[in-house]
Amino acid sequence: MERQRDIFGFLIILLIFLAACTPMLNPPPPATPAPQPTVTPVPSTPTPSPVPTATRTPSPTLAPGVSLRTLAEAQNVYIGAAVAAGPLQDEPIYGETLAREFNMLTAENVMKFESVHPDPKTYSFSAADALVDFAEEHAMQVRGHTLVWHNQLPPWVIEKKWERDELSKVLEDHISTVVGRYRGRVVAWDVVNEAIDDNGSLRQTVWLEGIGPDYIELAFQAAHEADPEALLFYNDYNGEGLGRKSDAIYELVQDLVQRGVPIHGVGLQMHVSVGRHPLPEKVAANIQRLSALGLKVHITEMDVRIESPTTETDLARQAQIYGEMLHVCLAAPSCEAFVLWGFTDRYSWIPDVFYGWNDALIFDPSYQPKPAYYALLGELAEK
Ligand code: 9MR
């Protein structure tokens, strides 16, 4: 049995090695230059242009049936991606690639407050339902994102001057309705997102101003009541390694744990760039200290942006960063999920926000795997 597993492992590594060598033997055309910076923000889900038919064939160098997903399932970990609802509906190759490569998905936008609760008395779940249905049809897990955030709030929440009790009730109703709707169907929720500022203090938001710092525990309590089985996460960016912000996140969640607030994990977003990213050993140390509190860790939104024009060196460096971070996650028993913020450079928030930066994901705009894809595959095969 041991011997069979060794042979199987060896075959997978050999196939991955051959696949990774193919671009070297057969150099791909130069990376598509990123669009020029514009002052007008591009809509986050642009109307898709047709995908060239030649790219619809999966890479012939990969063994049939080997994907990130199959290897992750053999390791008992989740590999996931944030999903844009438009392409999922309009572009078949988007859903095919998603279901082939990932066993977890996060709604990039359609579970956020402004999407599901546009008016005080109106909830609108059709787009979110479609994502959850897709996940179930393809035996994928769902990460719910996100219940309490300062962005993507509807005007009716932002524009009013709230009494404390009134706003607490709004938040509790929102959470119990949204979490209740997907009870048993969402494995983990990002309950509170980005509540800490880069300087380490609580961010000034409508929730902090209207309710006070205990909006955080109120949110976790409401989510727990609505789905006692769901794993509840605090999620943030720039707190992956060690430093002022990750210390502030650590102190916040430590206090919640000590006071018995139902929190089960911390999401490390991991929006990084080829030139600026935390050191793997610091991420490992951070995961270790969070695990010592009894918390799980999910890498929740990884992407590695590149300043245009993208070079082969950038792509190799990007692959290395993806591989190192997955390596750190796989080495920590508490790190159960590794989720990317998208999967194809065809659809990413990066060029809309970081003008002149792009190519942050693991498939190119034609759904061809990039070196970063093979780096993840190699890590999953090796563990
Ligand atoms: O990717 C999302 C983008 O389409 C939205 O326009 C944007 C609005 O702020 O939110 C993006 O997703 C964010 C996520 O919800 C929370 N962490 C940071 C992500 C990138 O901004």
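Both counts, for ligands and for their atoms, begin at 1 and track the order of listing. Basis for what follows: all heavy atoms, side chains included, without hydrogens, waters or symmetry-related copies. Nothing here was measured: the structure is a model prediction, and the numbers come from that model.
- Set against the non-hydrogen atoms of H271, the atoms of ligand 1 under 4.0 Å away are 18 (C), 19 (C).
- Contact annotation for N109 and ligand 1: only side-chain heavy atoms (C-beta onward) come within less than 4.0 Å of the ligand.
- On a distance-only criterion, W149 and ligand 1 share no N/O pair closer than 3.5 Å.
- Of all atoms in ligand 1, numbered sequentially from 1 with element shown, those under 4.0 Å from a heavy atom of W349 are 1 (O), 20 (C), 21 (O).
- By the 3.5 Å distance cut-off applied to N or O atoms, H145 is counted among the residues near ligand 1.
- The salt bridge (Lys or Arg N to Asp or Glu O under 4.0 Å) check on E217 picks up R259, with sequence neighbours excluded.
- Between the side chains of N103 and Q141, no donor-acceptor pair of N or O atoms lies under 3.5 Å.
- Looking at N235 against ligand 1, nothing comes within 4.0 Å, counting heavy atoms.
- The backbone N or O of L105 lies less than 3.5 Å from no partner atom in the side chain of Y78, so there is not a single donor-acceptor pair.
- Considering both main-chain and side-chain atoms, E108 comes within under 3.5 Å of ligand 1 through a nitrogen or oxygen pair.
- Between E73 and R69, at least one side-chain nitrogen of the basic residue sits less than 4.0 Å from a carboxylate oxygen of the acidic one, meeting the salt-bridge criterion.
- A salt bridge links K296 with E336; the closest basic N to acidic carboxylate O contact falls under 4.0 Å.
- When non-hydrogen atoms are compared, ligand 1 lies under 4.0 Å from neither the backbone nor the side chain of Y237.
- Aromatic ring centres of H117 and W156 lie closer together than 6.0 Å.
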